[in-house]
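Basis for what follows: all heavy atoms, side chains included, without hydrogens, waters or symmetry-related copies. Remember, it's a predicted structure, so these values are computed and weren't measured experimentally.
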Amino acid sequence: MDRILQVFQNELTCSICRNYFVDPVTIDCGHSFCRPCFYLSLPNRSALAHCSECQKAIQQRDFHTNACLKQMVLIVRQGSLWHFLRSKDNRCRIHMEAKQIFCEDQRSLFCLHCSTSQEHEAHRHCSVEEAAEQHREKLLKTMCSLWEKYCENDRKLNVETVTSRSWEIYVTSKGEAIRAEYDQLSPIFYSAKHHHLERLQREGKEIFDQLKDSEARMAHKRELLRGMYMELKEMCHKPDVELLLDFGDILHRSEAVCVHMPQPVKAELTAVIIPGMIARFDSSHKVISLYPRKAQAHYFLQGDLISLDIGCGLQGAPFTFPQSECFLYWGASIFTYGKHYWEIEVGDTWNWALGVCCDDWIQGNRNLQKAFYLLGCAKNDMHHNVFTTSPLLLQYVPKPIGRVGVFLDYEAYVETSTMNPREELLTLYLQLQTIDYSSHR
């Protein structure tokens, strides 16, 4: 019988913490763990994880509670609790009866006679068994909310870390693009070029310092959240009576850790007009009529960077369509020579993308590799991301409002035909970044 009981208890024990399951989950391979232990054992939310028992890859990350295991653990806990409550160590010294009533106000155990006495009759009472389960469920609910905060902070920290690591490179490439544009202008704009680059460097350093400070605050908050989560987990694993007596203010402290969550820096450089740039393009200005055509939806996918479905409505108002289909605008003109400049009205919308593509992409199977999107804007939480493609990069500039200009230099495309077509358009992207987005002429 003892052997059977031991096997039964082993089946209800988490192999990570060696305690009875708390909110048990069963993963892909069939092994079960406490949910808190399983979460804390994962390297992070994006890396491939493996079962600590059999080392098989874990494909899924969000699991439902194994209700059967949870009920079995509850029965075992109740058995242990009743064994303690009926022991000699748990008898009231006055009435010599088992202390089976928990007083919420004094956090003490009383026998039935003591709990109904005049001294304690106004206090909140319930059975020890009921109180233990209520407190454990409160802990689990708090842990669920705390873990969501932890994951949210961890995601924002990853974004902040990537941004800070690439920020100096981005500012440098931005400066090179600005210099290239000013080099095509008259020397009288030397002073404007100097102030423009000086402002870029000043803003770049200020934002970089903000990013590093934000990254440090998020890393500190991550440690606080993880430490609090582990403390809640340890409390959950305590025997019922010990849990009730030691509960204290742990819920209030958990709430305090979750306030003042650090928010990511809005890394955004001020948009500055390069004198005469749009006027230079006006010589190539074209009026292009666009006609809508229904096509399969297309996506920009790059981890957490962009994941959206972009299209345009019949009235020219860009917006995000359902994933099954969307409208894409095709230009009526076919470009085979010359320089062309046109403007597209995007208004104050959040989700749109514009660009050019090869003719065989339209007529063929619409291979996304031959679609040369130039610029896009996508809503992300309460903010926005402006991005360019080939390669897909975030652009830390204000959200374009009004008209967006597109300059296509087909002659330069032909002259550099030895290059990869996607590399040829990279110069065009850099030019687009410096166009005035606010429709000032």
Side-chain angles (χ1 to χ4, degrees), residues 16-17 22-23 25 27 33-50 52 58-65 137-168 170 206-237 248-268 301-308 350 378-387 394 396:
I16 298 177
C17 66
V22 168
D23 195 15
V25 294
I27 62 175
F33 306 95
C34 299
R35 184 185 298 275
C37 295
F38 174 69
Y39 282 168
L40 290 171
S41 68
L42 296 177
N44 56 61
R45 297 296 290 179
S46 58
L48 181 64
H50 296 81
S52 59
I58 302 173
Q59 303 298 331
Q60 187 178 346
R61 293 298 182 94
D62 298 315
F63 297 91
H64 295 294
T65 299
E137 288 301 320
K138 287 180 181 178
L139 286 173
L140 291 175
K141 184 177 180 180
T142 301
M143 291 174 70
C144 180
S145 176
L146 185 67
W147 189 254
E148 290 178 357
K149 292 287 186 182
Y150 176 85
C151 293
E152 177 187 358
N153 181 79
D154 205 45
R155 179 178 61 84
K156 291 178 179 178
L157 174 58
N158 289 337
V159 173
E160 213 78 330
T161 301
V162 170
T163 303
S164 63
R165 287 176 179 174
S166 60
W167 183 253
E168 291 182 314
Y170 175 79
E206 291 175 353
I207 293 176
F208 179 76
D209 291 341
Q210 293 174 15
L211 287 169
K212 298 304 292 184
D213 180 65
S214 175
E215 189 179 351
R217 285 186 285 108
M218 288 181 180
H220 178 63
K221 177 64 74 170
R222 178 179 61 181
E223 296 306 312
L224 293 177
L225 292 169
R226 188 180 181 88
M228 190 72 242
Y229 189 81
M230 294 180 68
E231 186 176 344
L232 290 168
K233 178 179 79 77
E234 293 302 319
M235 180 66 73
C236 273
H237 280 305
D249 63 345
I250 192 169
L251 296 184
H252 295 294
R253 290 191 289 111
S254 176
E255 292 177 1
V257 171
C258 292
V259 299
H260 305 303
M261 294 292 294
Q263 298 301 314
V265 174
K266 182 58 178 172
E268 186 175 281
L301 300 173
Q302 184 70 25
D304 291 335
L305 179 64
I306 300 292
S307 178
L308 73 157
W350 288 91
K379 189 170 184 180
N380 179 20
D381 296 328
M382 295 304 294
H383 301 295
H384 72 276
N385 284 328
V386 177
F387 60 93
L394 283 178
Y396 301 99

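Counting only distance, with no hydrogens or angles, the side chain of Ser164 and the backbone of Thr161 share a donor-acceptor pair below 3.5 Å. A distance-only check finds no donor-acceptor pair linking the side chain of Arg222 to the backbone of Cys151 [under 3.5 Å]. No side-chain donor-acceptor contact under 3.5 Å links Ser254 to the backbone of Ile250. Without hydrogens or angle criteria, Ser214 side chain to Gln210 main chain gives no donor-acceptor distance under 3.5 Å.
Pairs engaging residues 258-268 under the side-chain hydrogen bond (donor to acceptor under 3.5 Å, both in side chains) rule: Lys156-Gln263 [sequence neighbours left out].
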- Query: So Glu234 and Glu231, side chain to side chain contact (heavy atoms under 4.5 Å, CB included) or not? Walk me through it.
  - Reply: CA-CA 5 Å; Glu234 293 302 319; Glu231 186 176 344; 5.8 Å; no
- Query: What's the verdict on side chain to side chain contact (heavy atoms under 4.5 Å, CB included) for Lys233 and Cys34, showing C-alpha distance, side-chain angles and the deciding distance?
  - Reply: CA-CA 9 Å; Lys233 178 179 79 77; Cys34 299; over 6 Å; no
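Of all heavy-atom pairs between Lys221 and Val257, the closest is NZ-O, 2.8 Å. Here the closest heavy-atom approach between residue Cys236 and residue Leu140 is recorded as SG-CD2, 4.0 Å. When all heavy atoms are compared, the tightest approach of Pro36 to Met143 is CG-CE, 3.3 Å. Annotation for Cys258 and Leu146: closest pair SG-CD1, 3.3 Å, computed over non-hydrogen atoms. Contact detail for Tyr150 and Leu225: the closest heavy-atom pair is CA-CD1, 3.8 Å.
In this structure, NE2 on His237 lies 11.0 Å from CG on Leu139, to the nearest 0.5 angstrom. Taking CH2 from Trp167 and CG from Leu211, the interatomic distance works out to 6.5 Å, rounded to the nearest 0.5 Å. A distance of 8.0 Å separates CH2 of Trp147 from CG of Asp154, quoted to the nearest 0.5 Å. To the nearest 0.5 angstrom, Asn158 atom CG is 10.5 Å from Glu160 atom CD. Atom CG of residue Leu232 and atom CZ of residue Arg253 lie 8.0 Å apart, to the nearest 0.5 angstrom. The structure places CE of Met230 at 9.0 Å from SG of Cys37, a figure rounded to the nearest 0.5 Å.
Qualifying salt bridge (Lys or Arg N to Asp or Glu O under 4.0 Å) partners for Lys138, counting only residues two or more places apart in sequence or in other chains: none.
Taking the six-membered ring where the residue is Trp, the centroids of Tyr170 and Tyr396 are separated by under 6.0 Å. When ring centroids are compared, Tyr229 and Tyr39 stay outside the 6.0 Å threshold.
At least one side-chain heavy atom of Glu215 sits less than 4.5 Å from a side-chain heavy atom of Leu157. Considering only heavy atoms from C-beta on, Asn153 comes within 4.5 Å of Pro262 through its side chain.
The existence of a salt bridge linking Arg226 and Glu223 is excluded, since no basic side-chain nitrogen approaches an acidic carboxylate oxygen closer than 4.0 Å.
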